[in-house]
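Below is one structure; the comments refer to it alone.
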Amino acid sequence: MNKSQVLVLGGGPAGGAVAIGLVRLGYSVTLVSEPRPFDAVEGISDRVVQGLQGAGFNLALEQMAEPSPRRVTWNGITSAANTERLIPRQAFDLALLDDLKAQGIHVIQGRVTGIQPNATGHVAEASLVSGEQLQLQGDFLVEARGRAAPAAGVPRVKGSQTVSLLQYWQGPADTPCSAVQSFADGWAWMALRADGRRYLQLTLDVASADLPPKRELGDWCQARLSKLEQAQPFMAGAEPAGEVYARTSTPVLCEHSVGNDWIRVGDAAMAVDPLSGNGIFQALSSALQAPAVINTLINHPERAGLAKQFHEARIEGLFYRFARIGRDFYAQESQWPTNPFWQGRSQWPDQVPLHLDVTPDQVSTGVRPVVQDGLIREAQVVITPDQPLGIWHLNGLELAPLLEQVRARPDLTPAEQLSHTQGPVMGERLALWMQQQGWVDDPKGQGEHEV
């Protein structure tokens, strides 16, 4: 039996980021990754590139194309101001596994067919690409198999049921580009790689789409795409190549995402609408601090409650943040407000603003869990309506003591008070930053300065 301290199920960006973080903390890690069953392409922004670089995915990033133009038609308005980088996911995923191997992670390519807890952790059954059956033992289990992760018995929050229908087209080699267009029943995303392969995807409401039998899906999708202006350049001179793939893209939050010897990360913990190409970014956001949670659960069981509270609060906070970003973007489409697709998604998950106004009387300091030196511990942080989990540092400076310092002398301006400990230049900059965040009142004339 193959044994390691930590067993990671899933070799995408989330599982890979956790595995690398754990190896850097000194753990032995085995990761099982099932090859992607179909080719796909994903568009990412520079923000995602930075996250992938920070996670250590250097070889995977070599599969990334240069930025290409992205046209968007939304609410009847067309814009071509943005670019995105197209990543072929099969090649990207394989290169990501090479990154993991280079970091000292034991990578196994195969499908997990079963997982059971035992007296010393967890035992997984894996069917390898070669056909061999293998048993894997891990003291700690990381579930990172995305939406495919089993969730029987796990309480979940779900948004409107959504399905994405993807079909490949093949045409002559051309300049890479991508496009998005809204329509009455959903939205479409199209991408073209330099080799002429095109990816045309429709995202629809499951309940109201009235989808035909599987054998008719190709013609059904083609008929709808042919009516979209942005789809025409991708269909011109090209032909469908292969069947239509249907994938669920319903927003889902697992309300319990961590235990004493297991954790869920990435889409296995929270999967949000794929709108605006945020998939990889969302997965990384939920995974990068998981190694510190795992390290705390293993080495400091007395802090288990704190570590679990930190992870679940972070997952829930990220889920609702991304869900509200999607809600606000859907709400910008006002051409079909009563159509089921738009009506439900422009109002879900709630009506809480994405960014809340902050006034000094709403700002407090308190104790919250934070990450320090690869562990979860408690620290004094600044708590605001917009940041209920707290803000600990700014450029290495702990903020709670600085805010309390300002409040201790209401007879002085924030800049005057902070200058005593930070010097006049830094004191003035910090005071202006706090004023811009709504933490302190704006003294007369202070708003005229720049950081």
For this session: Walk me through it: do Arg89 and Glu42 pass the test salt bridge (Lys or Arg N to Asp or Glu O under 4.0 Å)?
Result: CA-CA 7 Å; Arg89 281 304 303 262; Glu42 191 161 345; 2.8 Å; yes
Problem set entry | 4.5 Å side-chain heavy-atom contact, Arg193 and Pro88 | yes
Exercise. Taking atom types as modelled, is there a side-chain donor on Ser4 or Gln137 under 3.5 Å from an acceptor on the other?
Worked result: no
For this session: For the residue pair Thr113 and Ser127, confirm or rule out a side-chain donor-acceptor distance under 3.5 Å.
Result: no
Problem set entry | Flag side-chain contact, heavy atom, 4.5 Å: Pro251 against Phe322 | no
Exercise. Ignoring hydrogens and geometry, is there a side-chain-to-backbone donor-acceptor pair from Asp99 to Ala60 under 3.5 Å?
Worked result: yes
Problem set entry | Test: Arg345 and Asp205 ion pair at under 4.0 Å | yes
Exercise. Going from NE2 on His393 to CG on Asn395, what distance comes out if it is rounded to the nearest 0.5 angstrom?
Worked result: 10.5 Å
Exercise. Between Gln232 and Gln230, does a side chain to side chain donor-acceptor pair (under 3.5 Å) hold up when you go through it step by step?
Worked result: CA-CA 6 Å; Gln232 301 314 304; Gln230 293 291 1; over 6 Å; no
Problem set entry | Side-chain donor-acceptor contact under 3.5 Å, Gln167 with Glu243 | no
Exercise. How about Val123 and Ile115: do any of their side-chain heavy atoms sit closer than 4.5 Å?
Worked result: no
Exercise. Tell me, do Arg70 and Val180 make a side-chain contact under 4.5 Å, heavy atoms counted?
Worked result: yes
For this session: State, yes or no, whether a side-chain contact exists between Val49 and Ile44 at a heavy-atom distance under 4.5 Å.
Result: yes
Exercise. Under 3.5 Å, side chain of Asn75 to main-chain N/O of Ile77, donor-acceptor pair present?
Worked result: no
Exercise. Side chains of Tyr320 and Asp350: do they bring a donor and an acceptor to under 3.5 Å?
Worked result: no
Exercise. Could Arg47 and Phe281 be counted as a cation-pi pair, given that NZ or CZ must be under 6.0 Å from the ring centre and within 45° of the axis?
Worked result: yes
Exercise. Does Val371 reach the side chain of Phe310, with side-chain heavy atoms less than 4.5 Å apart?
Worked result: yes
For this session: Give the C-alpha distance, both sets of side-chain angles, the deciding distance and a yes or no for side chain to side chain donor-acceptor pair (under 3.5 Å) between Gln181 and Glu229.
Result: CA-CA 8 Å; Gln181 183 169 350; Glu229 176 188 355; 5.3 Å; no
Exercise. For the residue pair Trp74 and Phe329, is the inter-centroid distance of their aromatic rings smaller than 6.0 Å?
Worked result: yes
For this session: Would you check if the side chain of His122 reaches a backbone N or O of Asp261 as a donor-acceptor pair within less than 3.5 Å?
Result: yes
Exercise. Any donor-acceptor pair under 3.5 Å linking the side chain of Glu143 with the backbone of Arg145?
Worked result: yes
Exercise. Is a side-chain donor-acceptor pair under 3.5 Å present for Trp348 with Tyr330?
Worked result: no
Problem set entry | Gln116, CD: over 12 other non-hydrogen atoms inside 6.0 angstrom | no
Seminar exercise, completed: In terms of heavy-atom contacts, Ser182 and Gln335 come closest through OG-NE2, 4.4 Å
Exercise. So, Glu239 side chain and Ala241 main chain: donor-acceptor pair closer than 3.5 Å or not?
Worked result: no
Seminar exercise, completed: Nearest heavy-atom approach of Val163 to Ala246 is CG2-CB, 4.2 Å
Problem set entry | Interatomic distance, Phe234 atom CZ to Met190 atom CE [nearest 0.5 angstrom] | 5.5 Å
Problem set entry | Exceeds 12 heavy-atom contacts within 6.0 angstrom, atom CD of Glu398 | yes
Problem set entry | Ala313 to Leu389 - nearest heavy-atom pair and separation | CB-CD2, 3.7 Å
Exercise. Would you say the side chain of Thr203 lies within less than 4.5 Å of the side chain of Thr162, judging by non-hydrogen atoms?
Worked result: yes
Exercise. Quick check: are there more than 12 heavy atoms from other residues, nucleotides or ligands sitting under 6.0 Å from CZ of Arg324?
Worked result: yes
Exercise. Any chance the side chains of Thr338 and Gln343 put a donor and an acceptor closer than 3.5 Å?
Worked result: no
Exercise. Is a donor on one side and an acceptor on the other found under 3.5 Å between the side chain of Gln5 and the backbone of Ser28?
Worked result: yes
Exercise. Any donor-acceptor pair under 3.5 Å linking the side chain of Thr384 with the backbone of Gln387?
Worked result: yes
Exercise. In this structure, which one of Arg85, Arg71, Glu84 forms a side-chain hydrogen bond (donor to acceptor under 3.5 Å, both in side chains) with Ser178?
Worked result: Glu84
Problem set entry | Greater than 12 external heavy atoms within 6.0 Å of Lys101's NZ | yes
For this session: Taking all non-hydrogen atoms of both residues into account, name the closest pair between Trp342 and Gly186 and its distance.
Result: CZ2-O, 3.1 Å
Exercise. Is the closest side-chain donor-acceptor distance between His106 and Asn2 under 3.5 Å?
Worked result: yes
For this session: Enter the distance from Glu34:CD to Ile108:CD1 here, rounded to the nearest 0.5 Å.
Result: 14.0 Å
Exercise. Where the side chain of Asn339 meets the backbone of Phe341, is there a donor-acceptor pair that is under 3.5 Å apart?
Worked result: no
For this session: Measure centre to centre between the rings of Phe92 and Phe57, then say whether the value is under 6.0 Å.
Result: no
Problem set entry | Short side-chain donor-acceptor distance under 3.5 Å, Arg247 and Gln201 | yes
Seminar exercise, completed: All heavy atoms of Asp273 vs all of Gln282, minimum pair found to be O-NE2, 3.8 Å
Problem set entry | Point-to-point distance, once rounded to the nearest 0.5 Å, from CD of Gln109 to CG of Leu31 | 10.0 Å
For this session: Using modelled atom types only, decide if a donor and an acceptor are shared between the side chain of Thr365 and the backbone of Ala400 within a distance under 3.5 Å.
Result: no
Problem set entry | Closest heavy-atom pair and its distance - Ala55, Ile20 | O-CD1, 3.3 Å
Problem set entry | Contact check, side chains of Val157 and Glu255, non-hydrogen atoms, under 4.5 Å | yes
Problem set entry | Nearest-0.5 Å distance, NE2 of residue His256 to NZ of residue Lys308 | 10.5 Å
For this session: Output the distance between atom CG (Asp373) and atom CG (Asn295), rounded to the nearest 0.5 Å.
Result: 10.5 Å
For this session: Say whether, by atom type as modelled, one donor and one acceptor occur between the side chain of Ser286 and the main chain of Ala283 under 3.5 angstrom.
Result: yes
